[in-house]
Amino acid sequence: MSSDYEFSDNDDFEYNDDEDMLDDDEGSASDMEMDNINDDFKIDKGPKIKVYEVEHDSLPQDAVVYLMRQDIEHISGIFGVDSEVASLLLRHMNWNKERLIEKYMDNVNAVSVAAGIAPPERSPEPSSSHGGPRRSSRLGFTKSSKSKSAEPSPPASEPFVCPICFDDTQQKTLSLTCGHLYCTACWSTYVSSKVRTEGESWITCMAENCTLVAPDSFVRTALADDTQTWARFQELLVRHFVSCMPSLKYCPYPSCTNTVSCPGAASKSALTSIVPTVHCGASDTHVFCFGCAIDTDHRPVICAVAKMWLQKCRDDSETANWIKSNTKECSKCQSTIEKNGGCNHMTCKKCKYEFCWVCMGPWSEHGTAWYSCNRYDEKASVDARDAQSRSRASLERYLQYYNRWANHEQSARLSAELYAKTEQKMEEMQLASALSWIEVQFMRKAVDESVRCRGTLKWTYSMAYYLEKGNEKELFEDNQRDLERAVEELSELIESPIDPEVIMSLRQKVTDKTVYVQKRNEIMLEDTARGFLDGRWKWNVDVEGFEKD
Amino acid sequence: MDARLRRVNKEIADCKNDKTSHISIDLVDNSPFHLRGSFDGPEGTPYEGGRFEVDIVIPESYPFQPVKMRFLTRVYHPNVSSASGAICLDILKDAWSPVLTLKSTLISLQSLLCSPEPRDPQDAEVAKHYMTSKESFEETARYWTQIYAGGPGKDGKGVVQKGGAKDEIAMAGLNKAHVDQFEALGFDRSKVIDVLRRMNYRGANIANINDDRVVEELLK
């Protein structure tokens, strides 16, 4: 964790920054593409961001703590209270300063009681008869050690017995301002049980019905040398703060303590025009979507549509659809029949009714035209068949998109294998030719790019499924087709066998293709993102946040 | 000595010394962390006269995490599962405080019997019964107390032997005439009881339930 984070010289941590970088960027995006072509593989990481990217910042824990402290100091200044009191007030109000100020001005006592700072009006007598409540004007806690000071401790004749562990040998005691005195060991176990087992940072006094909450310094004292639990407690505070701020998200990767700030995606309405794929500063692999938890990167399709698609894929209704499309009902007893071979002369297993699979009419009427049906055009059978073909067409449409989506999903799952295979290939290449390790890295780059593009392709199918027919959709599908073809060609090159004689030309081909694929991917992402900003995409279903036609 | 063990031992000893509350805590096996508590049904309630047993398991992190309690004696109460004895009580969950003891928790259970909270039920069917007709609910609760907790019978007359003949209709809190009515249509008696109980065929609610709907349920 970087401790040398600098806060003073810039205002980057201003999390409610309203600047919309997406619009500023449109003009220059195409110039950058031109540069990219000459620039082998490098993606421009300059200050300008692409239209399909969102401006975001990665904040280490310290930086978030700094933000919290700013809020605390602000409140502590306004109310003229201790910073620990301010902290509890803010935590109680889910860090909503405006609401806190309003409520606090309205009724100081009620808010203080609810925030666990002050005991309720009719304060209950402390359960322990030892060491009466010692109230102080500022928030704090009483710590006593009989060996050192006799003042707050009970008379020597009656040794302190902790009401929790019933231990009379414990000398050190602690209490919050309510005066409920317990031994330090019990406090320590209690606090760490709350923090570690329950993941709770709102730690109330141990006494029954006592609502006083332990301020940070008390927690610190109670935990004493247990720095691990203390660190966990601080992390819980930060997590709570982050969860209260719409413009902040905690990095979802295991044991990562970074926070991402993305003001552009803070509102729900923003999610209808951008796909906020972000990554935290810890690693380039810590990629996640700021708007949803569906997939780490579901560009180019927006959260709502991606969610709808996954829901559809999961839905069992497709089974029913299949039955509808692949079976017919016996026109006499209504049993469902699947024809799995043989001729059109059907005999219902159940009611022994004989009929023609093609026209659904009774077989007996076929007369001499035994195994070919010439009654196809009769009205009754036409109607029955029409209904069937409609549902079959809709299923086929769905399956067409689903199969392609699933195909790329499958490839992504196999990417680890592909990387291992490529690694091996790169070694073989080094042996078979004069290329150095650094010179065979083009293979890895090619795999990187194909994996990334398959991710994009996967989600384009979910988008295409919901796009309304028209020129826009055709353009979208053209881009999709170009990318798909390019990726397939690149994959083929990656898989091609190593022949020492053509290795140099293979290298050239792979490098060229990688650049081309990269460019196609850019075009796909950029055009789709711009389409969202321009409101170009129309859906064939109702999508959350979009106006109905 | 282990703080948990010391505390539990002291709690058991304290309970033994206290003769006024009529609350007892006994060991189930050799472990002091699996206990059985029992207390008297509170006076002036349908549970009066019964003795209620509770299964107590002391978790590893006791007293910082709440003790696990479950009724062993079957109880007809909105906040107690009539099947498993599971208890819905705040101090057994989030409102637990380390200063609470086994005895004070058992006393809380006792007072839970005095003041049911049907809007936050553990057993929805019992709660519905309570909301529909408190009188009928209390009659059933009294009958359960008599059958399972050794309580006195109606008007203090005699005690039914535990495990003796049980009146299934009274157990389900139903009216015999209603059960007979549907049984006469040729349905199995236990099925009729089951359906009527599930549909809460009691008191004012009967007016809301069409006979056809009952038959429909019976045919399912």
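A ring-centre distance under 6.0 Å is found for B:Tyr76 and B:Phe137. Taking the centre of each ring, A:Trp187 and A:Phe218 come in below the 6.0 Å mark.
Looking at A:Glu200, neither its backbone nor its side chain comes within 4.5 Å of chain B, counting heavy atoms on both sides. Interface remark: A:Cys205 contributes no atoms to any contact with chain B (heavy atom separation under 4.5 Å).
Inter-residue side-chain proximity for A:Val65 and A:Gln234 is flagged as unmet; no heavy-atom pair is nearer than 4.5 Å.
Geometrically, B:Arg4 engages B:Phe33 in a cation-pi contact, judged by NZ or CZ lying under 6.0 Å from the ring centre and within 45° of the ring axis.
Ranked by heavy-atom pairs under 4.5 Å with chain A, the list B:Pro63, B:Ser61, B:Pro98, B:Ser104 is led by B:Pro98.
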